[in-house]
Protein chains: 2
Amino acid sequence: MASPSEGTAKTVTIRDVAAAAEVSIGTASKALNGRGRMRTETRDRVLAAAERLGFRPNPLAQGLLAGRTYTVGLVTGDSFGRFSIPVMLGAEDALGAGKISVFMCDTRDDPIRERHYVERLLARRVEGIIVTGRRTEPRPGIGRDLPVPVVYAMTQSTDESDVSIIPDDEGGGALAARHLLATGRTRIGHVTGPHRFEAARRRARGLSTALDAAGLEPAGEVLFGQWSEEWGRQGADVLLHAAPDVDAIFCGSDQIARGVAETLRERGRRVPEDVALVGFDNWEPMALGCRPPLTTVDMNLGEIGRLAARHLLDAIAGTPTGGGVTIVPASLVLRESTRRAAPQG
Amino acid sequence: MASPSEGTAKTVTIRDVAAAAEVSIGTASKALNGRGRMRTETRDRVLAAAERLGFRPNPLAQGLLAGRTYTVGLVTGDSFGRFSIPVMLGAEDALGAGKISVFMCDTRDDPIRERHYVERLLARRVEGIIVTGRRTEPRPGIGRDLPVPVVYAMTQSTDESDVSIIPDDEGGGALAARHLLATGRTRIGHVTGPHRFEAARRRARGLSTALDAAGLEPAGEVLFGQWSEEWGRQGADVLLHAAPDVDAIFCGSDQIARGVAETLRERGRRVPEDVALVGFDNWEPMALGCRPPLTTVDMNLGEIGRLAARHLLDAIAGTPTGGGVTIVPASLVLRESTRRAAPQG
DNA sequence: GTGAAAGCGCTAACAA
DNA sequence: TTGTTAGCGCTTTCAC
């Protein structure tokens, strides 16, 4: 509540400020924007008047003149869900710093609504659009030859020349695998989501590649199923049956990992002593609620959002950023579920 | 100005439309807005030209003239988390229908940032502000005598005259209790979050009141603890010790309920046969992942958001909506965890 | 029925 | 150093 200027019920224009400071409107403008040369006394008088009246320049008017709006649109099909939110926050972070405000739109994954919102955003003269999603599957772009730059974050346009920022699913899988190998595990199983998901396939590929480099291969079959705990429970049983000597399980999501953890516990396998467990997503309520707390791959969604915003800002500034796909590295969050087994007695 | 080298489609002004249709700007404006009387032929000519050129009226210019922006701000301290998102979506729903766009801001629960964002929103001449939060605890308002109406959703201003829309924690507690009573349970325990949370206290009060009406009281003490699964696991043990004959447990959150469910299973109590379980939040990944799937109280967050938006729209329209707190009823989502025990065979 | 002109709040030339 | 003027894109009188 520092500024006493707050609380002006009526809108104060620069006209009012000029009048109060007994200068012309033009002079007031210059004083407020620190442009041109003028007596310090005059400038101070204007600034004081502005302060006193609680003057806020009207960005509509400024924008009208400058031909800019200092706004961008953020369109999500994920209903701002678990994945798009961190992305969104990262983006807002980067944009907010640049005085750019964000219009949010939720399309509910409906192309009609999406079309509608994009129209609306363009009508509002946003200077760019960020599209986020829940999956990394390539999707049709929101339109071609749009008058503003578009960046896809955590989703990918089928048009290869569009700018897309996506997580490193494959690298994440490899990261998990190498961590397990480093803690001495060699019989590593994999329970993951539906095969039709690019993300699931990539994570599995990352695992296989890393194991391959160590002369190993996944224990049992790679088990594709659902993105659910229930499947985690089932999958673990299948895996224990197919590869009873499994000593680590990498899961395609934290939810799956929780299901796996439960089954392991019920089958008398201790985590991490008998079987180490790695999840994917670093979805904290899941990962921390798990017994034991879950080591998991973090896709750095916030970074994806920040990067998307930065690309967009560059594009708005006219700097050619070069289209194409940018992959943001994943990182590993270590918790109890992969604590190195103490030497057995 | 946009870089001249940009291949972006050039913005079409009403001037261009007027020229193309060979009418004056004023006539073009009237034709486009369906105002005034004019020859159908003229109107059609203008509309055709606008269509052909892809004309979109510039809302900045329109707003400048009308003194409106058709935007509102949405400020959250919850980092658009689990609670504020459904609220947000509900709000966006109601606002979007009215052609109002939403600026989003995340304050990260930092008063400085909040102050900053509110300033920014006001500078942008939003016509109203919705404040959402993660808790229902009363919080200081975002400022007094703001030039635009403010509605608090899923949070509450300490200033009683402010408009706040909050969930019915007490009613939700009562709802859970009555449901359990209706399925024949009489020894009902309660494990919930920290006592310092208004929400936890209200839910407990709702339970007690409903039990009281049936001449009962909670089994064991009401156990206040944390909003975590871990506490759910511990709390269940405490409760089983204090009231071994407990036949139902109402939990202050779905996360707690999951913890409780785990302990119950490990102690050999079947859910729902031996002990029925009710959660709070209807947080689907938690409630559905639970074994068995959880009956839980839904706060109808979307409705809170919609209502907040509607209040705001009314206020913007100048309709006195009357300040104060509005409580949105909760509902119960039935799942396996309270299935009426079948007659034992 | 149509057009010319004023002005929304602001900035950037140019005059004084 | 300061004031005046001409718009940014649009809507809206009010003459014609």
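Order of the sequence lines sets the chain letters (A, B, ...), proteins ahead of strands, with each chain counted from 1.
- Atoms CD (A:Glu22) and P (D:dT2) sit 13 Å apart, rounded to a whole Å.
- Rotation axes derived from the C1' atoms of the five outermost pairs at either end of the helix from C:dG1-D:dC16 to C:dA16-D:dT1 lie 50° apart, to the nearest 10°.
- With rounding to whole Å, A:Met38 atom CE is found 14 Å from C:dT11 atom C1'.
- Checked against salt bridge (Lys or Arg N to Asp or Glu O under 4.0 Å), B:Arg113 has no partners two or more places apart in sequence or in another chain.
- B:Asp159 meets the salt bridge (Lys or Arg N to Asp or Glu O under 4.0 Å) test with B:Arg144; sequence neighbours excluded.
- Residues B:Asp109 and B:Arg139 are not paired through a salt bridge, judged by the lack of any N-O separation under 4.0 Å between the basic side chain and the carboxylate.
- The side chain to side chain contact (heavy atoms under 4.5 Å, CB included) test applied to B:Pro149 returns B:Leu312, B:Ala315, B:Ile316, not counting sequence neighbours.
- Residues passing the ring-ring contact (aromatic ring centres under 6.0 Å, His included) test with B:Phe103 are A:Phe103, sequence neighbours excluded.
- In this view, A:Asn300 and A:Asp298, A:Glu303, A:Val328, A:Ser331 satisfy the side chain to side chain contact (heavy atoms under 4.5 Å, CB included) rule, not counting sequence neighbours.
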Could you give the side-chain donor-acceptor pairs of residues 38-49 of chain B under 3.5 Å, partners two or more places apart or in another chain?
from	atom 1	to	atom 2	distance (Å)
B:Glu41	OE2	B:Arg45	NE	3.2
B:Arg45	NH1	B:Ala21	O	2.3

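- Every residue two or more places apart in sequence or in another chain that forms a salt bridge (Lys or Arg N to Asp or Glu O under 4.0 Å) with A:Glu198 is listed here: A:Arg201, A:Arg202.
- Judged as a side chain to side chain contact (heavy atoms under 4.5 Å, CB included), and not counting sequence neighbours, B:Glu51 has no contacts.
- Within residues 40-49 of chain A, the residues that have a heavy atom under 4.0 Å from DNA chain D are, in order of number, A:Thr42.
- When the P atom of D:dG3 is taken as reference, atom CZ of A:Arg37 falls 17 Å away, rounded to whole Å.
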Checklist entry - Could you run down nucleotides 10-16 of chain D 5' to 3' and tag each one B, S or - for protein heavy-atom contact under 4.0 Å? => result BBB----
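- For B:Phe55, the side chain to side chain contact (heavy atoms under 4.5 Å, CB included) partners at least two apart in sequence or on another chain are B:Val12, B:Ile14, B:Val17, B:Leu32, B:Ala50, B:Pro57.
- Counting to the nearest Å, the C1' atom of C:dT11 and the CG atom of A:Leu64 are 11 Å from each other.
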